[in-house]
Amino acid sequence: MIKRILAWVAILLFAAFSLYPIIYVISVSLRGDNAFQTQSLEIIGPNSTYRNFVDLFTKTDFLVWLKNSLIISSVTTFAGVALASCSAYALSRYRFRGRNSMLFALLTTQMFPATMLMLPFFIILSQLHLIDSFWGLFIIYSSTALPFCIWQMKAYYDTIPRELEEAALLDGCSRWMIFTKIILPVSSPALVITALFSFMSSWSEYVIAAVVLQDPQLYTLPLGLRSFQASLATQWGLYAAGALIVSVPVLVLFISISRYLVSGLTMGSVKG
Amino acid sequence: MRYYLFLLITFCSMAAQAEKMRIHVWHQMIYGHRQVLAEVLREFEKQNPDIIVQATYRETEELRSGYQSAAMGGSGPELVYGPSDQIGPFATMGIIRPLDEVLGAEYFKQFDPLAAPTYNGKHFAIGDGVGNHLMLIYNKKLLQSPPKNTDELIEFGKRLTVDKNGDGRVDQWGLVFNYTEPFFFAPFIPAFGDDFIKDEIKPNLNTPALANTFQFILDMRDKYKIIPKECDYETANALFKDGKSAMLINGDWSWGDYKEAKIDFGIARIPMVSGTGKWPASLVGTKAYSLNVNMKSPKHLEAAVKLLTYLTSTPVQLQFAEKVGTLPSNLDARESDIVKNNPLLKISADIMEVGHPLPIVPEVRAIWDSLRIQYQKVLAGSLPPQVAAEGAQNLAEKQIAEMNEVLQPDVGAYIVKAIFALVILGGLWMSRGSLMGFIKGFQGPNRFAYYMMLPAFIGIFAVIVYPFFYNIAISFSNFSLRTFQDWSIVGFTHYINALMDPKFYSLLLKTVIWTVVNVFFHVTLGVFLAVVINQVMPFKGFWRALLIIPWAVPQYITALTWRAMFNQEYGPINIMLQKFLHMSPIQWLSQPTTAFAACIITNVWLGFPFMMIVALGGLQSISNSLYEAARLDGANAWERFRHITWPLLLPVMAPAALLGSIWTFNNLNVIWLVSNSGEPGDQTHILVSYVYKAAFNLYRYGYAAAVSVIIFLILVIWGLGMLKSQYKKETQ
C-alpha cells in the first residue's frame, strides 16, 4: 500500500516537473506585453488576453514561416526515412568488405562536436550557391540525422527473423520486393521513429537555417520566432505564443506515437 | 555537377537581371526603427523601379557571425548595417570595401566625423545617426527632477525603493539597468578617474578607477540596495515600462519603446560622481552602413552605392529623427527644425558632450570580454575589486595578443602536409583491396546492398565527412582574424597550446562532471519512472505521454524558458521556493555554481524522457513469469529489481547511455542559452561551449578547430573502450 502511495507521489511530482515549463510558457503567452515581470504564480492572471495569438496570425508572417517549415520538414522526413531504411537494410542483411568499419564510422560521426562542422558548412554552401534556397537545408537536414537513424533501423532489422525472407526468395521474389513487401511493413515502429527524428531535426533547427536562409519570406519557424527577439527588446508575449504553436505539432506527434517509440527504440538488443 | 550547377545559376541570374536588380541589406534595427526603414525603402523602390531592396533583421551577434561566414564564402548582402565596433574586425578580415573607392572625398564632409570613422586611413562605413549613448531615464510620475550626483542618486534611490505590500519583496525599484553587461557600467569608469582604453587601442584596466567603479556597483546592490540583485536588459526594460522603477540607465534607442508604453519620462546625464566631480562618459558611436566586397557586377555595385547614399541622405535621416528620435549624422539635417525643436534630442546632445567616442578597432572586443569576465566575478563575490581589475588587464592583454597573432608556418607545417599526403596515399594503398572489391561489388552478388547504401553515403559524405576533414585542415592552420581571407597550414601550434593550457584540463574535468551527473540522472530517473509506470500505474499510456513532453518541445524554446524561470526576482522557481519552502531566494544565474546547477537541472529535464522510453521498451521484453517465480521464492521488490529487472535491462540501457553521454558531452545549446553564453564570468563553460566562444567571438578559428578535434579524439577513445568492454561482457 505504502509502495503504491509512494509511486503516485513520485509520478505526480515528475508529471508536474515535466509539465511546468510548458504551463509557464502558456501563462506568459496570455499576459499582456508589459506584464512579463510578475511575482504572481497565477497561470491565468486578471489581465489575461489572447491578443498575442491573434497578433501572431494577423500581424506577423507566422503563416508563411509555418508553410516553409512544413515544406522543409516533410521533404526532410521523407528523404531521411527513404535513405535510412534502404542503407540500414543493406548493412543488416549483407556481409561485405568494409561493413564493420562503415558501421563504426557512422557511430563516430555522433562524436564530433557539431559546432565545428558549422564553419566548413557555411563555406561549402556559399561556394555551391545554396544560400537562400531550401535545397541546402534539405541536403543538410536529411543527412545529419542519418547516422543515428541508420543505426536505429539496422538494430531493428537485425531482430527480424531471416526465415521470413528466405521463404519469399524461394518463391521467386526479387530482393527489392522482399524489402518493400515484407521487411518495411513489419518495421513500422522503427520507421516511425526514423521519421520522427528526421522531422524533429528540421522542425526545430535554428543555427544552420539562420545562415542558409536570408530572405524573411523563406524563414522557418525558429527563425521567425527569433526575429521577435529584437536586439534589445523582446516581444515576450508573441514569442511565447509562437513557441507554443511551434511545440504543439511535435507534442501531438510524440504523444500519438509514444507506443511505437517504446517498441522501436530499444537499440535492437531486444526482440521487437 | 558543379559545372551544371554553375550554368543553371548563370541562367537564373541572367533571367533575374533581365527583370530587376535585388539589393540585400542586413541590419539589426529594433522594432520601431525597422518600420521606418521599411517605409523609406518603399520610397526608394518607387524612385528606382529597377531595384528591389530586401532588408533582413539579424540580432547583433548573429549579424556579425552570419555576415563573416557569408562574406568569406563569397556571398552575403550587398549592404550591412550595424554598430560601429564591427567595422574594425570586418575591415581587418577584408570583407568590407573601402568607401573611398566609390565615393569622393567631398561626400564624407557632410557628416559628423563620428559617423564617418576611418580605419587605417580609409572610410569603411558611413553612419546614418550619431548616438547610441547611455543616459539616465526617469519616470516623471515617480520623480520630478533627476539626481545630479551619485550622492543624490543613492538618496533618491533609497527613497524610491519600496516594498509596498510588506511581503519582504521590493515592488518598486529606485534604479534598474543591465548592470552585468560592461557596456552599461563603462561610463562610470572615467568618472572615477581614468579611462579604460588608452590611445584608442590599449586596455587600461588595472586602475583604481576601475576597482572603485566595481565597488560602486557592489555598494548600490548590497549596501544601499537600490538596484535588483539580478537584472538583465529584459528585466530592466520591463520593470521600467511597467512603472515599477523610478530610474533606468539605457540608450537613446529605447525611447520609442517607452513612448509606446505611455511612460511619461525625462532624460538626463548619468549623475556626476560625487567623490571626483566628474561626469560619467557614455560611449558615443554610430550605426553605419558598409559595402560587401563581393559584388557580382559593376551594375550591382552602382545600385548598392545608390542605396547607401539614399539611406544616409538628409531626408531619410530626418524621417528617422522625427519618428524614432535619432540624432542625424548629416550636418545639414542637424540644422532642420525637426531636430532643433525636439526637446529629447536637445538634452541628448548635451549628454553626448561628456561622452567618449566608441573605438572601432577589433581589440575593443577583447577588452569588453575581459572586462565582462572579471566584472561578473566581482558581482558573484568570487574576486575583490582590486584583484579583478588587475586580472582584467592581464586577460585583455593576453586575448589581444592571441587575437592578433599571425602564426607563421614552422617545421610542423611540412610534417602536417607530409602526414596528410601519407595518410591519403597510405589509405588508398591499404584499402586498394577493399576499394577494388567495392567497385567490383557493383557487379557482384552484393550489388543490391551497394545500390541501397549509395544515396545515404553520398549524403553523409557531403555533409559530415568532407566538412570534418575540412575542419582538421583548419585545425593545423593559422585561420583567425588577420588571416581570414588567406590562411595556410602552419603546424601543430594550436594543439600544443591547447594541451599545455591548464584551462583545458579544468574545462575537461567540468565537462566530465557535467556528463556524468547528467547521464546518471537521465538513466536513474528514466529507469525508475519506467519501472513505476510499468508495474504500478493504471493508464500507462497517459503517464508515458505526459512524461515524454520535455523531449518533444524544441530545445531552444525550453532552454530560454528555463532561463526565465531561474530569474532571481521574477522566476517562478524562486517564488515557489519562498512561498512553499520559506527559503530565501537563490541567485541562480549570477553565481557560477548555481548557474552550472541550473544548466544541469535544465538538461536533466530535457534528457530523462529518452531514457525512460528506452527502459520501457526493455521492460516489455522481460517475461512476467520470471517475476512470478521470484515471488514464489520470496524475493522482495528490491531483490526482484536487483536480480531480474536490472540485469535484463542493462543490455538495452548501456548503448542508450553511451549515446546519451556522447550527446551530453557535446551539448552546446543548454549551456549557451541557459547561462547566456557562459555567464557569470565565463565560469559555466564546458568544452564545446568554450570552443564555440573561441571561434565565433574571438575569431580564433584555428585554435577552436584544434580543440574540437581533441574533443572528438577523447570521445572516440572513450567510446571504443566502452564498446569493447560491452562486447566482452556480452560474449562472456
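Chain naming here is simple, since letters A, B, ... match the order of the sequence lines and numbering starts at 1 in each.
- Residue A:W176 touches chain B through both its backbone and its side chain, counting heavy-atom pairs closer than 4.5 Å.
- Among A:L19, A:T109, A:L196, the residue with the largest count of heavy-atom pairs under 4.5 Å with chain B is A:L19.
- Contacts of B:W663 with chain A are made by side-chain atoms alone, with heavy-atom separations under 4.5 Å and no backbone atom involved.
- When A:P21, A:S27, A:A90 are compared by the number of non-hydrogen pairs under 4.5 Å with chain B, A:P21 comes out ahead.
- If you measure heavy-atom distances from B:L547 to chain A, the contacts under 4.5 Å come from both the backbone and the side chain.
- Heavy atoms closer than 4.5 Å to chain A are found nowhere in B:F461, neither backbone nor side chain.
- Among A:S87, A:A84, A:A243, A:S18, the residue with the largest count of heavy-atom pairs under 4.5 Å with chain B is A:S18.
- For chain A, the option among B:A456, B:G459, B:P455 with the highest count of heavy-atom pairs below 4.5 Å is B:A456.
- For the set B:V553, B:L619, B:I549, the count of heavy-atom pairs under 4.5 angstrom toward chain A peaks at B:I549.
- Neither the backbone nor the side chain of A:L223 has a heavy atom closer than 4.5 Å to any heavy atom of chain B.
- Taking OG1 of B:T235 as the start and CG of B:N567 as the end, the distance is 4.5 Å to the nearest 0.5 Å.
- With a 4.5 angstrom heavy-atom cutoff, B:V691 touches chain A only via side-chain atoms.
- When each of A:L91, A:I150, A:T108 is scored by its heavy-atom pairs under 4.5 Å with chain B, the top score falls to A:T108.
- The contact between A:F14 and chain B is made by backbone and side chain atoms together, counting heavy-atom distances below 4.5 Å.
- Note: B:F610 and A:F148 have tilted aromatic rings, judged against thresholds of 30 and 60 degrees for the angle between ring planes.
- Nearest heavy-atom pair across B:P609 and B:W551 is CB-CB, 3.8 Å.
- The neighbour count for A:F17 CZ, taken as heavy atoms of other residues, nucleotides or ligands under 6.0 Å away, is above 12.
- Between atom CE of residue B:M452 and atom CG of residue A:L83 there is a gap of 11.0 Å, rounded to the nearest 0.5 Å.
- A:I193 is not listed as a side-chain neighbour of A:Y260, based on a closest heavy-atom distance of 4.5 Å or more.
- In this structure, a donor-acceptor pair under 3.5 Å is present between the side chains of A:R175 and A:Y94.
- Contact tally against chain B (heavy-atom pairs below 4.5 Å) for A:P113, A:S258, A:S143: the top residue is A:P113.
- Side-chain atoms of B:N294 come within 3.5 Å of backbone atoms of B:A71 as a donor-acceptor pair (strictly under, hydrogens ignored).
- Heavy atoms only, all atoms of each residue included: A:Q110 and B:N666 are closest at O-ND2, 4.0 Å.
- With a 4.5 angstrom heavy-atom cutoff, B:F665 does not touch chain A via any of its atoms.
- Residues satisfying the side chain to side chain contact (heavy atoms under 4.5 Å, CB included) criterion with B:P554, sequence neighbours excluded, are A:S204, A:V246, A:S247, B:Y556, B:I557.
- Contact tally against chain A (heavy-atom pairs below 4.5 Å) for B:Q68, B:E62, B:Q620, B:Q535: the top residue is B:E62.
- Heavy-atom distances place both the backbone and the side chain of B:W605 under 4.5 Å from chain A.
- For chain B, the nearby parts of A:L251 are the backbone and the side chain; heavy atoms of each come within less than 4.5 Å.
- Contact of the B:L546 side chain with the A:I11 side chain is not registered, since no non-hydrogen atoms from C-beta on lie closer than 4.5 Å.
- In this structure, chain A has no heavy atom under 4.5 Å from any part of B:F469.
- B:M29 and B:R34 make their closest contact through O-NE, 3.1 Å (heavy atoms, listed as atom of the first residue, atom of the second, distance).
- Contact annotation for A:L253: neither backbone nor side-chain heavy atoms come within less than 4.5 Å of a heavy atom of chain B.
- Looking only at heavy-atom pairs under 4.5 Å with chain A, the residue among B:I548, B:V709, B:V688, B:V465 that has the most is B:I548.
- Using a 4.5 Å cut-off between heavy atoms, B:L713 makes no contact with chain A at all.
- Neither the backbone nor the side chain of B:Y451 comes within contact range of chain A; no heavy atoms are under 4.5 Å apart.
- Within a 6.0 Å sphere centred on CZ of A:R4, heavy atoms belonging to other residues, nucleotides or ligands number 12 at most.
- Side-chain contact, B:Y570 with B:E234: no donor N or O sits under 3.5 Å from an acceptor N or O.
- Considering only heavy-atom pairs separated by less than 4.5 Å from chain A, the leading option among B:L715, B:T56, B:V463 is B:V463.
- With a threshold of 4.5 angstrom between heavy atoms, A:Y89 approaches chain B through side-chain atoms but not through N, CA, C or O.
- The side chain to side chain contact (heavy atoms under 4.5 Å, CB included) check on A:L12 picks up A:W8, B:W543, with sequence neighbours excluded.
- In the displayed structure, A:R259 atom CZ is contacted under 6.0 Å by at most 12 heavy atoms of other residues, nucleotides or ligands.
- At a 4.5 Å heavy-atom cutoff, B:T558 makes no contact with chain A through either its backbone or its side chain.
- Interface check for chain B: of the options A:F104, A:Y20, A:W203, the most heavy-atom pairs under 4.5 Å are formed by A:Y20.
- Neither the backbone nor the side chain of B:A530 comes within contact range of chain A; no heavy atoms are under 4.5 Å apart.
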Original post:
For B:I575 and B:R169, what are the C-alpha separation, side-chain angles and deciding distance, and is it a side chain to side chain contact (heavy atoms under 4.5 Å, CB included)?
Top reply: CA-CA 10 Å; B:I575 298 176; B:R169 290 171 152 279; 3.8 Å; yes
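- Here B:F468 and B:F712 bring their ring centres to under 6.0 angstrom of each other.
- If you measure heavy-atom distances from A:I23 to chain B, you find no contacts under 4.5 Å at all.
- Residue B:I474 touches chain A through its side chain alone, counting heavy-atom pairs closer than 4.5 Å.
- For B:L720, the part lying under 4.5 angstrom from a heavy atom of chain A is the side chain only.
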